[in-house]
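Notes to accompany the following structure.
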Protein chains: 2
Amino acid sequence: MTLKELANLLGLSPTTVSRALNGYPEVNAETRARVAAAALAHNYRPNTQAKRLATGRAMAIGHVIPISIRHEIVNPVFADFIAGCGEIYAQQGYDMVLTIVPDADEARAYREVRSKGNVDGMIVHGPRLNDPRIAQLTEMGLPFVVHGRAMGVETPYSWVDVNNTRAFTRATEFLADLGHRRIALINGIEEMDFAARRRRGFERAMAERGLEVDPALMVAGEMTEAQGYDAARAMLARPAPPTAFLTSSLLSAMGVRRAVEAAGLRPGREVSIVTHDDELGFLKNGAEDPVFTATRSSVREAGRRCARMLLEMIAQGERAPRHELLEAVLVVGQSSGPCPVRP
Amino acid sequence: MTLKELANLLGLSPTTVSRALNGYPEVNAETRARVAAAALAHNYRPNTQAKRLATGRAMAIGHVIPISIRHEIVNPVFADFIAGCGEIYAQQGYDMVLTIVPDADEARAYREVRSKGNVDGMIVHGPRLNDPRIAQLTEMGLPFVVHGRAMGVETPYSWVDVNNTRAFTRATEFLADLGHRRIALINGIEEMDFAARRRRGFERAMAERGLEVDPALMVAGEMTEAQGYDAARAMLARPAPPTAFLTSSLLSAMGVRRAVEAAGLRPGREVSIVTHDDELGFLKNGAEDPVFTATRSSVREAGRRCARMLLEMIAQGERAPRHELLEAVLVVGQSSGPCPVRP
DNA sequence: TTGAAAGCGCTAACAA
DNA sequence: TTGTTAGCGCTTTCAA
């Protein structure tokens with residue numbers, strides 16, 4: 001069923017039908033009702049391609065995912081974020097176009113998406129320090145919002161981020177308050193902006209409390225269970241082992257927990273484990289709580305906010321960058337997570 | 001830069017330029033070279049929307065994800081599958097359009113995507129028993145491939161699946177060979193076809209070995225760490241506790257492991273834990289191995305195969321359903337996974 | 001308040 | 001081997 005067919009059916013011109021359907025004010029109320037009824041009855045849907053060509057708007061948002069960033073695509077956080085975006089797009093009649101590219105082709109992918117003109121804007125995932133994509137997109141003149149920020153980038157840009165620095169400062173203070181002095185940090189890859197900020201937050205709190213940061217007790221890498229296990233095992237074997245672990249992910253925390261047990265220590269009794277596995281900043285212990293459940297709604301909310309911001313920018317043809325900084329919520333688990341340091 | 005502008009620039013008609021660029025054979029070699037050079041020099045990219053409208057092909061594949069299926073979108077397996085599809089789409093110049101809908105609106109979403117005409121085909125995720133989507137898509141006449149199968153659906157349809165039944169039969173036999181008689185099954189939600197098949201494989205092997213299936217040792221639910229922990233804890237507290245656990249997911253297995261330890265037993269010494277956490281069917285132990293690493297390449301491969309099958313069907317205008325059944329690979333971990341039963 | 005006509009950028013018959 | 005001419009289905013001036 002095309003617009004033309006519908007128009008013929010009604011004895012109207014395609015123009016009028018188009019106007020009626022798209023809410024133009026000059027249409028007679030009765031006509032509009034007739035048109036709406038007919039469209040409904042015949043299950044009419046305007047052809048997207050034609051609409052796009054005629055209006056010049058793609059009604060789609062692009063997400064480019066470099067595949068070699070393993071911790072990105074596989075991360076459940078990513079899936080939930082995407083789900084949040086999708087909700088908003090669906091509401092507003094936008095499509096979500098995902099492009100999966102090998103790492104090296106990322107720049108080309110953006111350029112291609114741009115010149116093919118099949119999206120009206122983009123969401124940038126997993127910003128790194130000095131991330132080149134931001135300058136590229138700015139230069140290309142395509143509206144975009146970054147999920148996260150990129151330290152080192154001078155050009156202004158729009159972003160939605162959680163206050164990672166502060167979240168880790170508070171987590172560290174929390175452990176210090178329990179009496180811990182040798183606190184280990186199991187971080188994500190510090191090329192990633194979020195991980196760099198978390199480390200900064202950690203170091204800041206340590207410095208303020210007059211605690212020494214032992215480089216041997218800081219590790220950065222893929223946030224897997226194996227990472228937590230290996231790192232914790234090595235640290236616990238040192239002459240001055242840590243009494244508390246702060247990790248960037250629940251998976252790492254589970255690995256840490258296993259290493260602690262393997263060393264004959266009781267997590268939550270002799271060793272503290274605290275983790276932050278949520279881009280909206282929940283802090284919880286890594287033991288009794290189910291994996292991947294507490295973090296999900298908040299990450300999805302971040303996705304919604306990114307999407308909403310971008311769609312608003314597009315609708316208003318706005319160029320001025322916007323920001324949204326979400327504060328972390330401190331949630332502390334009970335059973336086998338944090339504990340006071342033993343005398 | 002439009003086709004027309006490029007043509008004017010070259011003193012050719014748009015048609016010739018189009019033909020040259022799209023590899024039609026009747027174009028003079030020299031002309032083709034000139035056109036190609038000019039296109040490159042001016043960084044010409046054909047407008048996708050126009051192409052779509054003119055050809056009637058959307059050059060896009062749709063994936064509809066119902067959001068309430070939590071174990072679907074959040075599952076890392078899902079992300080990797082999508083990544084596999086994306087690789088193929090990128091190669092062939094297709095876009096991937098993701099639609100996230102509330103569970104209830106799923107049928108409507110398909111209908112809408114269809115009538116808006118913005119995809120040439122669809123991939124169906126996470127088929128359930130008697131899944132209604134298959135009949136719906138068939139009726140709509142849109143080419144589609146199901147990732148998995150749906151027991152109870154009579155209409156023929158195209159699918160790519162792993163042999164879940166056989167994988168679980170073999171895993172159960174493996175445990176039986178180690179001498180286990182009380183084997184527990186921690187399964188996914190059995191509305192999902194894959195989980196139903198896994199259970200069938202388990203029960204089949206038990207029957208063949210003359211082992212009794214204790215209903216109290218079978219559990220189905222969300223495949224989380226908590227599920228594994230709770231289920232195993234309850235089972236281990238029974239008068240006749242299991243000596244081996246077979247789980248549908250690595251996360252569940254980790255929970256089981258924790259419960260086993262909590263019960264004062266040593267996993268891999270006094271209790272066997274074997275898991276299948278891979279839609280291509282790896283079996284491995286749930287302990288020493290990093291989470292979410294072994295499974296990933298194979299799930300991605302499944303994505304590639306689905307995508308390839310669908311694109312071929314579209315290209316050939318083929319209606320006949322195709323199938324691809326992938327055999328499971330049995331990989332057994334070393335350290336703290338399976339063990340012979342203790343006398 | 002409605003309609004006619006042109007055009008978005010491309011492809012595809014048909015002619016030359 | 002190239003060009004002419006019509007669309008694809010919709011929106012959008014401009015007239016009526």
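Not measured: the values here are computed from a predicted model. To find a chain, count down the sequence lines: A is the first, B the second, and so on, and within it residues start at 1.
For A/Asn22, whose side chain is taken as the heavy atoms from C-beta onward, the closest listed nucleotide among D/dC10, D/dT11, C/dC10 is D/dT11. In this structure, of C/dT2, D/dG9, D/dT2, it is C/dT2 that holds the atom nearest to the side chain of A/Val27. Side-chain proximity of B/Arg19 to the nucleotides C/dC8, C/dG3, D/dT2 is greatest for D/dT2. Comparing C/dT1, D/dC10, D/dT11 against the side chain of A/Thr31 picks out C/dT1 as the nearest. Closest contact between the side chain of B/Leu3 and the listed nucleotides C/dG9, C/dT11, C/dT1 involves C/dT11. Of the candidates D/dT1, C/dT2, C/dC10, D/dT1 carries the atom nearest the B/Asn28 side chain, counting heavy atoms from C-beta on. Closest to the side chain of A/Lys51, out of D/dC10, D/dT2, C/dG9, is D/dC10.
Partner B/Arg19 forms a side chain to side chain contact (heavy atoms under 4.5 Å, CB included) with one of B/Leu12, B/Val35, B/Val27 and no other, that one being B/Val27.
The distance from atom CG of B/Asn8 to atom P of C/dG9 is 13 Å, rounded to the nearest whole Å.
For the pair B/Lys4 and C/dC10, the criterion of a side-chain N or O lying under 4.0 Å from OP1 or OP2 is not met. At the phosphate of C/dG3, OP1 or OP2 sits under 4.0 Å from a side-chain N or O atom of A/Ser13.
In this structure, the side chains of B/Val145 and B/Val124 stay at 4.5 Å or more apart for every pair of heavy atoms.
Relative ring orientation between A/Tyr94 and A/Tyr89 is described as tilted, the plane-to-plane angle lying within the 30° to 60° band.
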Begin from the C-alpha positions of A/Thr16 and A/Ser13 and carry the test side chain to side chain donor-acceptor pair (under 3.5 Å) through to its verdict. CA-CA 5 Å; A/Thr16 304; A/Ser13 77; 3.2 Å; yes

